[in-house]
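Down below is the structure, laid out as structure tokens.
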There are 2 protein chains.
Amino acid sequence: MGAKLIERASSIERRNGVSLWRQIADKILQGIASGDFTENAALPPEVALAERYGVNRHTVRSAIAALVQEGVLKAEQGRGTFVLSRKRLSYPIGARTRFSSGLQGQTTERHIALLSSSTEPASRRIAEALSIARGSSVIRLETRGEADGHPVSRATTWFDAKRFAGIETAMAETGSITASLMRFGINDYLRRSTVLSARHADADDLVDLELQPGAIVLVTIAINVTMDGQPIQFAESRFPAERVELKLSAGD
Amino acid sequence: MGAKLIERASSIERRNGVSLWRQIADKILQGIASGDFTENAALPPEVALAERYGVNRHTVRSAIAALVQEGVLKAEQGRGTFVLSRKRLSYPIGARTRFSSGLQGQTTERHIALLSSSTEPASRRIAEALSIARGSSVIRLETRGEADGHPVSRATTWFDAKRFAGIETAMAETGSITASLMRFGINDYLRRSTVLSARHADADDLVDLELQPGAIVLVTIAINVTMDGQPIQFAESRFPAERVELKLSAGD
DNA sequence: TATAGTTGTCTATATCAATAGACAAGTCAT
DNA sequence: ATGACTTGTCTATTGATATAGACAACTATA
């Protein structure tokens, strides 16, 4: 984020429905992600931050307390407050979006955990996306992507139950969508469409992604297709905006 | 957004730093965008909404008041509260991202307004992106994209001042980046990279995009290049998440 | 060992956010 | 006209948010 470059005077809003301490916590997170506040270095002292944002020192302390709770900062009496966390992960999105390979080089460990699965009738929306009859059976998987032990994504995906019967056990065993699809004879697939939006994290996101209330999530809705254009997977994924950014790769 | 599909019981969080009325206003906006609340139709009555979200009627009223202020809803005593606004614009992003052509069919009128321009030395970040020497002169344009009279994007873009001297007047005259670049002999260009994130709108965003405090903006950081790979433009764009979603087109 | 600079704790006060209940005012169908 | 249903307004109370000031506790360094 080019926060430093673009940041102008104001930046903090009152009586918004968003508390000042929450806004300032967001600013600090942005500052860390943008390299404005360097990793392992001390934050400016509380009084300086208070002046910078035009609020009381106690308000800054509330923001810092939230981030300490969250494990982003560490406060040491007499010394200062220090940045613990790393920059945001950059998650590539394109025609060949894959979870595991996409994060290569940025993390040492990554996998997808299957939280739950169920079979249900296809809603209109899902039937259209998968090109199947409305009301026909689909398998829904609830999954969480983890990198180095931290949750980085939370997805709900649907498959045609007829074609992919038992994919939930494959997911549980392999921890990979790509590997699971291989068991069904699909060695390669493409992303046909991705629609992107953002919203506040709801209560479920907070739990699943280990977020603090008020956090923002990026939401993608995607359809994956086989090489000959047959839709196989419909997915809605949520990413914590404070820990992940999406990098759109052009063609492949 | 598949809110209806995915929405589970909980969804509202307390003592978060985000007020309940703000969260509920967000929910209603989501509901409108997802077709959950139909356009021109009445919202459920306040008591019903209050029960649905597990809050007091007055809290719902605060949320509605904010959206009435914003022009999304219209309340009529004795009759009900009605949805005015349309669905979100779907803004395509891909190798050939163009403002005007991308919104074709969704709006009748669209253009880019030049808010201000300046010349400044290139920061490290911008010098790298444009492959020029750090500190050399760059032109910065502040622009706002408008569709049917409503702001839908707010961008800061940088060009090499040497190569694109006077581009600010071209922009002011043509209201189009594509047309302006043509004056400099660039008939076609591609998007090399796009990085995507989200955050709360800051005070400037609120003014420029005519948002209510607490709103969320999608942020893209992009580099455009000529057909032979020479970088020509570096841009940070902000989109109001409540009015715009980004649709990633695959290759072209 | 001072001293400056930092975080931590306490008290007090004012405003905002949320709940609760009651009733007024308007619309619509019967 | 009546009654059911809706939004609008008012009062009261509680807890969270934000400001203000003072001082304690701790760290580093001169």
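Model, not experiment: these values are computed from the prediction.
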Starting at atom [atom1] of [X], determine the distance to atom [atom2] of [N], rounded to an integer number of angstrom.
X       : N      : atom1 : atom2 : result
B:Leu20 : D:dG15 : CG    : C1'   : 12 Å
B:Leu73 : D:dT6  : CG    : P     : 17 Å
B:Glu46 : C:dA20 : CD    : C1'   : 15 Å
A:Ile64 : C:dG8  : CD1   : C1'   : 12 Å
B:Gln23 : C:dA18 : CD    : C1'   : 12 Å

| query | So what does B:Ser62 hit on the nucleic acid, given a heavy-atom distance under 4.0 Å: a base, only sugar-phosphate, or nothing? | reply | nothing

Are [X] and [N] close enough that a side-chain N or O sits under 4.0 Å from OP1 or OP2?
X       : N      : value
A:Asn56 : D:dA18 : no
B:Thr81 : D:dT6  : no
B:Thr59 : C:dT19 : yes

| remark: Going 5' to 3' through nucleotides 22-30 of chain D and flagging B where a protein heavy-atom sits under 4.0 Å of the base, S where only the sugar-phosphate is that close, and - otherwise, we get B--BBSS--

| remark: For B:Val152 and B:Pro240 the tightest heavy-atom approach is O-CD, 3.2 Å

| message | Give me the atom names and distance for the closest heavy-atom approach of A:Trp21 to A:Ala63. | response | O-CB, 3.3 Å

| request: Step by step, work out the salt bridge (Lys or Arg N to Asp or Glu O under 4.0 Å) result for B:Glu142 and B:Arg154. | output: CA-CA 8 Å; B:Glu142 299 287 345; B:Arg154 173 74 181 74; 2.8 Å; yes

| said: Taking the minimum atom-to-atom distance to the side chain of B:Arg61, which one of D:dT19, D:dT9, C:dG8 wins? | reply: D:dT9

| A:Ala75 side chain: which of C:dG8, D:dT7, D:dA18 is closest? | C:dG8

| Would you call A:Glu51 and A:Arg57 a salt bridge, taking side-chain N to carboxylate O under 4.0 Å as the test? | no

| Going by atom types alone, do B:Arg238 and B:Thr156 pair a side-chain donor with an acceptor below 3.5 Å? | yes

| query | With distance as the sole test, does B:Glu242 use its side chain to make a donor-acceptor pair with the main-chain N or O of B:Ala215 at under 3.5 Å? | reply | no

